[in-house]
Amino acid sequence: MRDVIANRPIRKNADRMPVKPNMSNYERERLGFSWAAAAKGLAGLPNGGINIAHEAVERHLDTAVAGRVALRWLSMSGEVRDFTYRDLSDQSNRVAHMLLQLGVAKGDRVFTLLGRVPELYLTALGAWKLGAVFCPLFSAFGPEPVHQRITRGDGKILVTSARLYRRRVLPIRDRLPSLEHILLVDVDTDEPGIHPFHALLANADDTPMMAQTRPEDMAILHFTSGTTGMPKGAVHVHEAVVAHNVTGRYALDLHPDDVFWCTADPGWVTGTSYGIISPLTVGVTNIIDESEFDAEHWYQTLQDQRVTVWYTAPTAIRMLMKAGPELPKRYDLSALRFIASVGEPLNPEAVIWGNEVLGLPIHDNWWQTETGGIMIANFASTDIRPGSMGLPLPGITAAIMQRRDDGTLREAIEGEEGELALRPGWPSMFRGYLYEEERYRKAFADGWYLTGDLARRDGDGYFWFVGRADDIIKSAGHLIGPFEVESALIEHEAVAEAAVIGKPDPVAGEIVKAFVALNPGFEATEAMERDLRGFARKRLGPAVAPREIEILETLPRTRSGKIMRRLLKARELGLPEGDTSTLERM
């Protein structure tokens with residue numbers, strides 16, 4: 001069913017690359033890799049233990065990196081502010097002392113509800129220096145998601161803006177008994193329990209502070225998006241920084257002299273792991289753009305900031321594709337040498353588009369909130385098979401598992417579909433779901449972490465995403481992965497994006513229904529729908545092709561870039577839509 005485009009590998013030759021990849025020989029690196037050796041590549045605390053802030057900032061202070069720009073903030077108003085590694089050290093020391101003065105102790109939860117502004121990054125580093133737990137919230141959350149997460153996470157401190165406080169927090173303030181202090185980053189008010197962030201910061205001590213945290217001490221609490229049921233609080237520890245550093249160098253090919261731009265919001269795990277921690281541990285210049293997506297603005301940023309490594313989402317790539325191939329020709333993107341993508345599977349067409357239009361293939365990778373870091377990736381030095389998730393990172397053992405009739409697991413053979421599973425033991429693996437031990441235990445079986453994602457592995461070890469286990473469509477005895485159908489539809493010249501759901505049917509059990517958004521210049525007509533159905537039948541066969549296709553102006557997706565299939569399904573079936581606070585407003 002997969003189009004031949006996925007069988008045309010993009011060949012790599014590490015010897016011909018302008019920058020030698022950090023991992024020039026994949027097989028050799030896997031054979032010689034150990035997490036213990038990787039941990040020794042970081043500094044560790046002087047008296048033992050490990051702390052994320054120490055590895056991200058403090059260990060650079062006695063090196064040439066200290067004066068390098070660590071964060072370059074591009075505000076929506078056009079202001080540009082640079083923070084060197086020394087600046088980050090000084091300012092995060094002040095944040096740590098400020099939190100200490102407010103009664104924050106080791107293990108306490110420090111929440112942020114902010115856009116991509118410097119105060120968010122300083123709060124994260126300051127919390128880790130104090131030994132507190134950083135808990136980022138996405139700024140588009142509505143009051144109820146904020147209430148759920150702060151309540152479940154026992155939030156003690158919240159750093160936010162005046163606008164977000166009024167809209168998201170004030171309506172639920174009396175339902176947050178654990179929340180003792182709110183710090184506003186843009187208002188000089190001092191009411192009971194509400195304080196001006198910058199006034200307190202200016203008066204805070206700037207002497208160095210570094211908690212003696214151990215590898216297993218909680219450092220980050222990430223909540224899943226809560227698209228089904230209550231959000232889960234995934235617990236991550238300070239030892240995770242070892243994986244953040246390794247995967248940044250291997251999967252994103254980060255070098256110390258890179259200018260790196262991760263477009264993800266720190267309210268999601270990608271924006272914390274690879275928008276804060278990983279690049280700082282390598283010593284790069286990290287671009288922080290406050291603005292939302294705009295194709296011209298993004299190309300302008302890539303050009304003006306001379307970005308060398310760019311990490312973004314498939315949705316953003318598809319929106320750039322929709323903007324057309326002529327637009328990037330107006331910009332100088334010659335500094336760019338590596339592009340990677342995460343958030344949902346990257347369709348083969350997007351990989352090819354990057355190679356043909358931007359002059360660089362887009363390297364898809366796969367991981368989850370629970371894994372804390374990249375697990376499977378397409379690397380700078382390895383061939384790309386468009387549509388594939390890639391190969392497991394050194395130190396990661398991945399397999400495709402199927403359940404026997406007695407409930408035990410067996411490893412699937414080449415080409416068989418099953419649940420993607422990982423052998424536990426990597427440093428950024430989540431250590432639990434907060435206060436949900438049984439739910440955590442159910443994620444493991446027979447010595448494997450079961451991801452809930454369905455995939456297959458080919459004969460050369462490349463993994464291919466099929467779909468979430470709960471997204472699989474069962475139609476007339478066929479198990480159909482939405483991604484396969486979506487990828488086929490996107491091959492049509494008229495289709496910019498596609499999302500597929502299973503629609504109940506009295507005969508087949510479910511039928512495949514597709515929702516598509518069109519590229520400019522194409523009209524939503526009955527003739528177009530017929531053309532798309534015929535196109536899909538040729539690509540996929542009648543058993544798998546969508547029986548129904550509906551053309552929408554845009555598809556609903558979260559700010560983190562994931563198309564919300566469950567929202568489309570709820571609307572189709574007339575069911576409650578649930579929490580839509582993370583929905584991107586177009």
Side-chain angles (χ1 to χ4, degrees), residues 68-85 87-88 90-92 94-95 112-126 136-141 158-170 182-189 194-202 259-268 270-272 275-276 279-280 284-307 310-313 316 319-320 323 327-328 330-333 335 559-561 581-582 584-586:
R68 179 178 298 160
V69 174
L71 297 182
R72 171 164 291 161
W73 180 59
L74 313 178
S75 77
M76 282 192 286
S77 65
E79 176 191 1
V80 178
R81 289 176 60 189
D82 285 348
F83 297 81
T84 66
Y85 280 86
D87 293 334
L88 285 188
D90 293 342
Q91 292 296 306
S92 58
R94 287 183 179 274
V95 171
T112 57
L113 179 66
L114 290 167
R116 292 180 293 276
V117 295
E119 292 86 353
L120 186 154
Y121 301 82
L122 296 175
T123 298
L125 294 167
L137 297 178
F138 184 44
S139 61
F141 280 150
L158 173 66
V159 181
T160 186
S161 69
R163 181 181 64 85
L164 291 173
Y165 171 71
R166 289 192 303 269
R167 294 184 178 183
R168 317 293 195 208
V169 183
L170 188 57
I182 296 171
L183 278 67
L184 301 182
V185 301
D186 53 359
V187 173
D188 290 333
T189 183
I194 303 178
H195 313 283
F197 181 96
H198 286 286
L200 292 185
L201 191 68
V259 177
F260 175 63
W261 184 22
C262 173
T263 64
D265 192 289
W268 306 109
T270 300
T272 298
I276 304 177
L280 294 181
V284 308
T285 293
N286 198 21
I287 302 298
I288 309 299
D289 188 0
E290 185 184 15
S291 302
E292 297 300 330
F293 175 86
D294 174 81
E296 292 189 26
H297 172 71
W298 275 33
Y299 285 130
Q300 189 80 46
T301 298
L302 290 168
Q303 170 187 274
D304 292 352
Q305 301 305 322
R306 305 296 292 165
V307 173
W310 180 30
Y311 195 26
T312 191
M319 291 170 73
L320 291 175
L327 182 60
R330 293 162 39 189
Y331 300 89
D332 178 8
L333 307 180
R559 297 284 183 93
S560 63
S581 63
T582 63
E584 184 172 36
R585 308 299 175 188
M586 300 302 294

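Only a predicted model underlies this, so the values are computations on that prediction, with no experimental measurement involved.
- Among pairs with a residue in residues 159-170, none fulfils salt bridge (charged side-chain N to carboxylate O under 4.0 Å, His left out), at least two apart in sequence or across chains.
- Legend: residues meeting ring-ring contact (aromatic ring centres under 6.0 Å, His included) with F260, ordered by chain and number and at least two apart, are absent.
- Considering only residues two or more places apart in sequence or on other chains, D304 meets the side-chain hydrogen bond (donor to acceptor under 3.5 Å, both in side chains) condition with Q300.
- Listed by chain and residue number, Y165 satisfy the side chain to side chain contact (heavy atoms under 4.5 Å, CB included) test with L170 (two or more places apart in sequence, or in another chain).
- Contacts of Y311 classified as ring-ring contact (aromatic ring centres under 6.0 Å, His included), with partners at least two apart in sequence or in another chain: Y274.
- Residues passing the salt bridge (charged side-chain N to carboxylate O under 4.0 Å, His left out) test with D186, sequence neighbours excluded: none.
- For S291, there are no side-chain hydrogen bond (donor to acceptor under 3.5 Å, both in side chains) partners, not counting sequence neighbours.
- In this structure L125 satisfies the side chain to side chain contact (heavy atoms under 4.5 Å, CB included) test together with A53, A56, V57, L88, S92, W128, sequence neighbours excluded.
- Using modelled atom types, one finds no donor on one side chain facing an acceptor on the other under 3.5 Å when comparing T123 with T112.
- When ring centroids are compared, W73 and F83 stay outside the 6.0 Å threshold.
- Ionic pairing of D265 and R116 is present here: one or more N-O contacts between side-chain nitrogen and carboxylate oxygen are shorter than 4.0 angstrom.
- Partners of P196 by side chain to side chain contact (heavy atoms under 4.5 Å, CB included), not counting sequence neighbours, listed by chain and number: D188, D190, A199.
- Listed by chain and residue number, nothing satisfies the salt bridge (charged side-chain N to carboxylate O under 4.0 Å, His left out) test with E290 (two or more places apart in sequence, or in another chain).
- With hydrogens and angles ignored, the 3.5 Å screen pairs no side-chain donor or acceptor of S161 with any backbone N or O of V185.
- Shown here are the side-chain hydrogen bond (donor to acceptor under 3.5 Å, both in side chains) partners of Q305, two or more places apart in sequence or in another chain: R72.
- Partners of T84 according to the side-chain hydrogen bond (donor to acceptor under 3.5 Å, both in side chains) rule, which considers only residues two or more places apart in sequence or in another chain, are D87.
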